[in-house]
Amino acid sequence: MPTDTKDIERKIGKLRETIQRHEHLYYVLDAPEISDAEYDRLMQELKKLEAAHPDLITPDSPTQRVSGKPREGFVKATHSRPMLSLDNAFGEEELRAWDRRVHELAGTDKIDYVCELKLDGMSLALWYKDGKLERGITRGNGSVGEDVTSNVRTMRTVPLSVSAAALKKAGIPADFEVRGEVIMPLAAFERMNDEREQQQFSRFANPRNAAAGTIRVLEPNIVAQRRLDFYAYFLLVDGKYFMEKHSASLEALKAAGFKVNSHYTVAHNIEQVIKFIDQGEQMREGLPHEIDGIVIKVDSTRLQDRLGFTGKAPRWAIAYKFAARSGVTQVEDILIQVGRTGKLTPVAALKPVSIGGTTVTRATLHNADEIERLGVKIGDWVTVERGGDVIPKVVSVLEDKQHPRGHKKFHMPERCPVCGGHVVRVEGEADHRCINANCPAKLRESILHFAGRSVMNIEGMGESLVDQLCDRGLVKNIADIYELTKEKLLTLERVGEKSAENLLAEIERSRKLPLERVIYGLGMRFVGERTAEFLAEHFGSMDALMDASLEDLQQVNEVGPRVSESIREFFDEPGNRKLVERLRKYLTFKGKKRERGTALAGKTFVLTGTLPNHSRDQAKKMIEDAGGKISGSVSKKTDYVVAGEDAGSKLDKARELGVAVIDEKEMERLLPKQPA
Ligand code: IVH
């Protein structure tokens, strides 16, 4: 090997080590030593070197966390030893009874317990071979789980490899297994739910569902965008607990670079366990993630083996579950909050009540349907719960001697309380929304959407910059972006000459983007990337679109009553028309009309496997040109699955659901004949 290649290899190795160290400091120890920008710079440098020397890329390089392509499904994997569940203890009595039983069975007085926080997520097994992450497997039914390795690799709290030196120091052999909990921190959960709402997906009910749902997403790059953390709590070698003491294995895992929850203790008797539980209950409020109890485990693995298992749970461990947090109080008023997507949420203003150590004065009522379902009126006494969601919610209305009913009925407003814009409720939907694109409540999200990669792609206009632009009033709507100047930008924090110039260049570049991007950028409800494209092709200009009637709109591929009404409402709002008029000066308002065929209108296709004569992109274009729609996954709504060679689980799914499976030839027959 020539020396300079050796030098480069050394340089790459060093960079990887440095990056790994900073990832560990940031994600595992919560103690970063460098700025995000500095970290990004290191990562860019490594990416550049690896791009120039692809032969030097190894799977455990930090650049390779997202290297997997979207998958068609997960493969089943058998656990090295069953992943059991835990028996629960509700309250001190049950816990003491368990402790007595452990003592009886053990025949000894001296039993140490390890008390850990019970993280509210899902358990996961990680297999390491020769110090390198080989597989990540969900719990599944306890015996067989799903191989979710490509998703697990994206989680920064999961080391892709552990060096021989670190393993030696920790006393762990090169082949080992780590089990623990995958959780979504509360901040990430809130952020993800806000984004889902923006994209008109339903919110996840709690961080546990969000974590469980995310780990099974088929596209690793989506998993990488959401933050999942892995907390290790078991070390196994050859399917057995490896160290003599459980507490020692927690320390070993920590030394090897895994994230181990720092809030654990070794208790020498049940009184000390109870003390830890009390501390845990108090700590619960301030933690960055949800916990739903305390797990108590016998520290000695030898004693664990002697105690053994009942049917599905070990006798040597128990989960002490915290009581549900609820309280009773009176609804003093019902207010409206306007979210970042324009959604109006009714919120109960409550007589202050202490629930689980926190004073609660507000609880969400979600939407008008929920108010109807609960039958809640102003003045009512209600039960309020603080569940997985951080925002407390009203769960029921009381009615007895001490809790007389209220009388004042609540009605959703017709005008947005923030901007006075029109409030609409789409047929068949639960939510009311403000449709004014200029509404200050929606500002931040609408700008982030507009600047997003698939819209106007204004690089550098990320969250922190947009926050500053909004907070300082420099941008009050998307048109203001085009009136930003260097002087204005230089008043912001962390913006220097160079980055201001770059941003202005990006903004300038965005002006040339085609009409469909502009339409998409307006953020009309139900108008996603694809619909925007159809609208641009059909009308050929913003003016024609703005003036289109409901009937005109419904001529467009995939535009039905719901979408057409949303578009009409948008352009009927005077504030929105004014905004679009301002954009005319800066952006592309004219496009090219293009007729799509209608032969396949309303038909949904899924492509799988390799087709003999056409690439996937070609087949996709052919179907779309004939008015058909391509979807990534098979469901009952799929009309045809076009299967080529090596078709995977989508084909099985199609057969299972009875969806028509066709080959390339049959697909071609469905297409309109090409003019000779
Ligand atoms: S030990 C055989 N430790 O709680 C031992 N579990 O209700 C099983 N959990 O399935 C698990 N934090 O998903 C253990 N520190 C912790 C935990 C924990 C959360 C979850 C885990 C388990 C469930 C049992």
Side-chain angles (χ1 to χ4, degrees), residues 32 34-45 48 191 194-195 198 338-342 416 418-421 434 436-524 532 542 546 570 573-590:
I34 57 172
S35 68
D36 291 3
E38 178 71 359
Y39 170 83
D40 290 344
R41 200 192 55 71
L42 290 169
M43 200 66 157
Q44 284 312 326
E45 198 180 331
K48 228 160 115 193
R191 197 176 52 233
D194 286 349
E195 279 167 18
Q198 167 94 356
V338 186
R340 285 185 283 183
T341 59
C416 170
V418 174
C419 71
C434 163
N436 175 13
N438 298 292
C439 177
K442 294 201 270 185
L443 186 60
R444 182 178 181 273
E445 287 311 302
S446 53
I447 293 181
L448 281 171
H449 166 73
F450 186 81
R453 189 164 303 161
S454 56
V455 192
M456 304 310 276
N457 194 17
I458 305 177
E459 217 183 300
M461 199 167 260
E463 296 202 12
S464 82
L465 190 96
V466 170
D467 278 345
Q468 290 193 63
L469 290 173
C470 296
D471 291 348
R472 307 222 180 164
L474 287 178
V475 170
K476 295 200 178 67
N477 56 45
I478 50 179
D480 289 345
I481 293 175
Y482 295 95
E483 277 163 27
L484 285 171
T485 57
K486 195 160 158 190
E487 291 68 42
K488 285 185 192 171
L489 289 173
L490 285 174
T491 65
L492 304 177
E493 277 163 36
R494 296 185 298 278
V495 176
E497 290 268 338
K498 189 80 200 135
S499 52
E501 277 165 19
N502 288 346
L503 187 66
L504 289 173
E506 281 287 313
I507 293 173
E508 185 58 30
R509 202 185 43 73
S510 78
R511 294 179 54 173
K512 296 184 195 69
L513 288 175
L515 177 62
E516 61 259 29
R517 299 270 194 135
V518 185
I519 296 175
Y520 182 34
L522 293 176
M524 290 182 277
M542 185 68 90
M546 274 200 282
F570 182 90
E573 177 74 25
N576 295 346
R577 272 201 108 90
K578 228 159 86 197
L579 174 72
V580 177
E581 274 318 316
R582 275 189 65 204
L583 288 173
R584 182 188 297 280
K585 255 203 295 189
Y586 307 110
L587 301 177
T588 315
F589 268 36
K590 282 227 167 316

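Side-chain atoms are counted along with the backbone in the values below, which use heavy atoms only and exclude waters and symmetry mates.
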For side chain to side chain contact (heavy atoms under 4.5 Å, CB included), just list the numbers for Leu489 and Glu501, CA-CA rounded to whole Å, side-chain angles, deciding distance to a tenth of an Å, and then say yes or no. CA-CA 9 Å; Leu489 289 173; Glu501 277 165 19; over 6 Å; no
Trace of the salt bridge (charged side-chain N to carboxylate O under 4.0 Å, His left out) decision for Glu483 with Arg582: CA-CA 11 Å; Glu483 277 163 27; Arg582 275 189 65 204; 3.3 Å; yes
Given the rule in the salt bridge (charged side-chain N to carboxylate O under 4.0 Å, His left out) test, do Glu506 and Arg509 qualify, once you have shown the distances and angles that lead to the verdict? CA-CA 5 Å; Glu506 281 287 313; Arg509 202 185 43 73; 2.9 Å; yes
Worked verdict on Glu581 versus Arg577 for salt bridge (charged side-chain N to carboxylate O under 4.0 Å, His left out): CA-CA 6 Å; Glu581 274 318 316; Arg577 272 201 108 90; 5.9 Å; no
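Side chain of Arg517 to backbone of Val455: a donor-acceptor contact under 3.5 angstrom is found. A donor-acceptor contact shorter than 3.5 Å is absent between the side chain of Lys585 and the backbone of Tyr482. In terms of modelled atom types and a separation under 3.5 Å, the side chain of Asn477 and the main chain of Asn438 share no donor-acceptor contact.
Rounding to the nearest 0.5 angstrom, the gap separating the CD1 atom in Ile481 from the CE atom in Met461 is 4.5 Å.
The heavy-atom pair separating Tyr586 from Ala479 by the smallest distance is CE1-O, 4.2 Å. When all heavy atoms are compared, the tightest approach of Leu474 to Lys488 is CD1-O, 3.9 Å.
For the pair Phe589 and Val580, the minimum side-chain heavy-atom distance is below 4.5 Å. Using a 4.5 Å heavy-atom cutoff, the side chains of Leu513 and Thr588 are not in contact. Contact of the Leu503 side chain with the Ile458 side chain is registered, since non-hydrogen atoms from C-beta on lie closer than 4.5 Å.
Around atom CD of Glu459, no more than 12 heavy atoms belonging to other residues, nucleotides or ligands sit under 6.0 Å away.
Relative orientation of the Tyr520 and His449 rings is perpendicular, given thresholds of 30° and 60° on the angle between their planes.
Remark: of the listed residues Leu465, Leu484, Val466, Leu484 is the sole one forming a side-chain contact (heavy atoms from CB on, under 4.5 Å) with Val475.
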